[in-house]
Amino acid sequence: MSSVLDRRSAPPSGAARPAPPRRRTRLLALPEARWALAALVLFLVALPVHLLGGPAWLWGPLFAATYVTGGWEPGWEGLKALKDKTLDVDLLMVVAAVGAAAIGQVLDGALLIVIFATSGALEAVATARTADSVRGLLDLAPTTATRLLPDGTEETVDTEHLTVGDMVLVRPGERVGADGRVLGGSSDVDQATITGEPLPVAKQAGDEVFAGTVNGTGALRVRVERDPSDSVIARIVQMVEEASETKAPTQLFIEKIEQRYSIGMVVATLAVFAVPLAFGDTLSSALLRAMTFMIVASPCAVVLSTMPPLLSAIANAGRHGVLAKSAVVMERLGEIDTVALDKTGTLTEGTPHVTDLRPLPGAGLDEGALLALAASAENPSEHPLARAVVAAARERGLPLTDAEDFTSLPGRGVTAAVDGHTVTVGAPARLLDPAAQQAHQAHQATAHLATAHATVAELEEAGRTAVVVLRDQEPVGVLGIADRLRPDAMATVAALTRLTGHAPVLLTGDNARAARHLAAEVGITDVRAGLLPEDKAAAVKEWEAEGRRVLVVGDGVNDAPALAAAHSGIAMGKAGSDLALETADAVVVRDELATIPSIVRLSRAARRLVVQNLAIAGTFIAVLVAWDLIGTLPLPLGVAGHEGSTVLVGLNGLRLLREAAWPRLTEDAE
């Protein structure tokens, strides 16, 4: 068990290594955001003046500026769509807003413009932030590497100039510059960004290493086996970008029928104007009837049928620690029928803890003494396992003895003098090697060795990482260390099983034995272990191709391709990587796993309210349109009916703001 340098420490040269620049698009750098903000400010300035009966010369120009700033872009896009013989709701909304202003309903039209401009800005921000995060992933890989020349000299080169077959030197604390294979040296490498494994992995000659992973205390000589453009990190970037481009955004209900509705409304409005005119009606009367028809048939209430329930659900979820990034996301979450869960940092807490203390018979140690002995030797080490041992000792209030002559050997462990004894703590495969015990072949030592082997096998079978403690070269105990299961993991898996009709799937880069053990604890039967990021994404794409709607829950860079490929993705916020947080559709800010089934239930409740609202809005539109066509609908009454239906569906959607609307984990799924 070697000591791993703290990532925040200076590199070996002593020069502080600057943090990579954060590639993040500023909000107001986006034109959509600037225009939407201008429209909103103008509307908020004009609104009180209009409501308080101010002069038209004051609020009129302000509302006109609102129309221009918020409506010119969707209007222009709509006109370009017309050029391609496509009619969309954005253009229809601008026309409806202008039509409302033409017959005196300036406030209604301005509000409609602001809603659509804000929606477009939010979509642009989400797209830009995801692109920022994908580009920022490239910062994980170092820009330079130390290349070893045939004559033994070294040169610093840009990693993009490395070619297959090059030999590179990776010093302690550095990031690996390219995917390759170790030819010399040994060390522990933190490759959590690639595989999601919670602990550094011992690497020696013949082992594979990945670009962007962090080397421990040993130096490695690595032969490059992949071109930098084809590294695992580069493939993650490519997969996320491709998934983001090819995954068509789910449209809300009104958007799914926008073509038919838009064309039908335009044709009907023209007909309502032209037919009476052709039969001798006056121009003013026909125009008034047509404008009344456009007002009562406009989809304002239909649009508000979808937004208030979904936005209320977003607000309610936010109060409970779940950030859903858009109304589309909230709609999608309720559609899922398959759940895929990451292991480390999702079902587990993501940090190792001491779970078992096994003093060997005849060692003269109880559990506390064994832990204190191991922690005293491990105290100077920065290895995650060492930190877990020391933390366990401190939690129990055990006194630690100052270690002397501390040494750390990569892949083997640490050795130190504690209370006059030589104490070694490390990997069973190295410390219990028969050759290492050759000088201690007395009957008692042999018995201790056999017992230690049996204890190690028992702990590893239970999914633990076994750590052996030697005192004066003789085994005295074994520690079991594991990533601790989240307290609400079992209840969450059970709730997701009820919601989807079958248990979630476990997708992890960790080893199969640890994955199967954890899955058995929480009730998962389908386990896919030892997966690289591309393998996770491939599994999700396979399910999606079968017609399943997959929800992926993860936290690491290695989960990002699967999050992007899935129907919906949720990232755990506490330890989540920037890429996972930006790629996911929703983020569990408080890191409470139990909120995942709750947000799915809330989404389904919001979808039910959307259907109710669409029925209400459709009924109002049908009645008012029939009245206008068959009889004579007074314009004020038409506006009142139109606005009344809008207010009604809006208030109905706001029901999800109530605290009681948040589903608890103990509630039964629908």
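Along the sequence shown, residues carry numbers from 1.
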Contact check, side chains of [X] and [Y], non-hydrogen atoms, under 4.5 Å:
X    : Y    : answer
E367 : R396 : yes
V423 : V469 : yes
L496 : I596 : yes
L551 : H567 : no
R486 : M572 : yes
E208 : F210 : yes
I481 : V389 : yes
H502 : T525 : no

Report the distance from atom [atom1] of [X] to atom [atom2] of [Y], rounding to the nearest 0.5 Å.
X    : Y    : atom1 : atom2 : answer
T595 : I570 : OG1   : CD1   : 7.5 Å
T348 : R484 : OG1   : CZ    : 10.5 Å
R471 : L365 : CZ    : CG    : 4.5 Å
L398 : L373 : CG    : CG    : 11.5 Å
R394 : L371 : CZ    : CG    : 11.5 Å
H353 : L385 : NE2   : CG    : 12.0 Å

Test side chain to side chain contact (heavy atoms under 4.5 Å, CB included) applied to V157 and L162, step by step: CA-CA 8 Å; V157 298; L162 292 175; 3.7 Å; yes
Is [X] reaching over with its side chain to a backbone N or O of [Y], donor-acceptor style, under 3.5 angstrom?
X    : Y    : answer
D207 : V182 : no
R175 : G212 : yes
D526 : V505 : no
S376 : T401 : yes
T346 : K343 : no
D179 : A211 : yes
D585 : G569 : yes
E174 : R171 : yes
D559 : A562 : no
T338 : V550 : no

Steps toward side chain to side chain donor-acceptor pair (under 3.5 Å) verdict (T455, R358): CA-CA 8 Å; T455 305; R358 302 288 183 86; 5.3 Å; no
Pair R221-M167, side chain to side chain contact (heavy atoms under 4.5 Å, CB included): steps then yes or no: CA-CA 7 Å; R221 287 185 296 111; M167 184 78 69; 4.3 Å; yes
Full working for salt bridge (Lys or Arg N to Asp or Glu O under 4.0 Å) between D342 and K536: CA-CA 9 Å; D342 175 46; K536 291 186 177 184; 3.2 Å; yes
Nearest non-hydrogen partners of [X] and [Y], listed with the distance:
X    : Y    : value
V493 : V522 : CG1-O, 3.3 Å
V418 : A403 : CG2-CB, 4.4 Å
A565 : A537 : CB-O, 4.5 Å
G345 : D555 : CA-OD2, 3.8 Å
E378 : A386 : OE1-CB, 3.1 Å
A340 : W543 : CB-CZ3, 4.0 Å

Residues L148, V168; criterion side chain to side chain contact (heavy atoms under 4.5 Å, CB included); working and verdict: CA-CA 5 Å; L148 298 176; V168 295; over 6 Å; no
Cationic N near anionic O, under 4.0 Å, K541 to E534: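 The answer is no: the pair does not qualify as a salt bridge.
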Option passing side-chain contact (heavy atoms from CB on, under 4.5 Å) with L347 (candidates T492, D488, T508, I524):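 Between L347 and the candidates, side-chain contact (heavy atoms from CB on, under 4.5 Å) is satisfied uniquely by I524.
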Residues T355 and R464: side-chain donor-acceptor under 3.5 angstrom: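 There is such a pair (donor and acceptor under 3.5 Å, judged by atom type) between the side chains of T355 and R464.
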Short side-chain donor-acceptor distance under 3.5 Å, D158 and T144: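 Side chains of T144 and D158: no pair found under 3.5 Å.
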E461: side-chain hydrogen bond (donor to acceptor under 3.5 Å, both in side chains) partners, not counting sequence neighbours: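 Testing E461 for side-chain hydrogen bond (donor to acceptor under 3.5 Å, both in side chains), a comparison that skips the adjacent residues, returns none.
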Working for side chain to side chain contact (heavy atoms under 4.5 Å, CB included), residues L360 and V476: CA-CA 5 Å; L360 297 181; V476 294; 5.7 Å; no
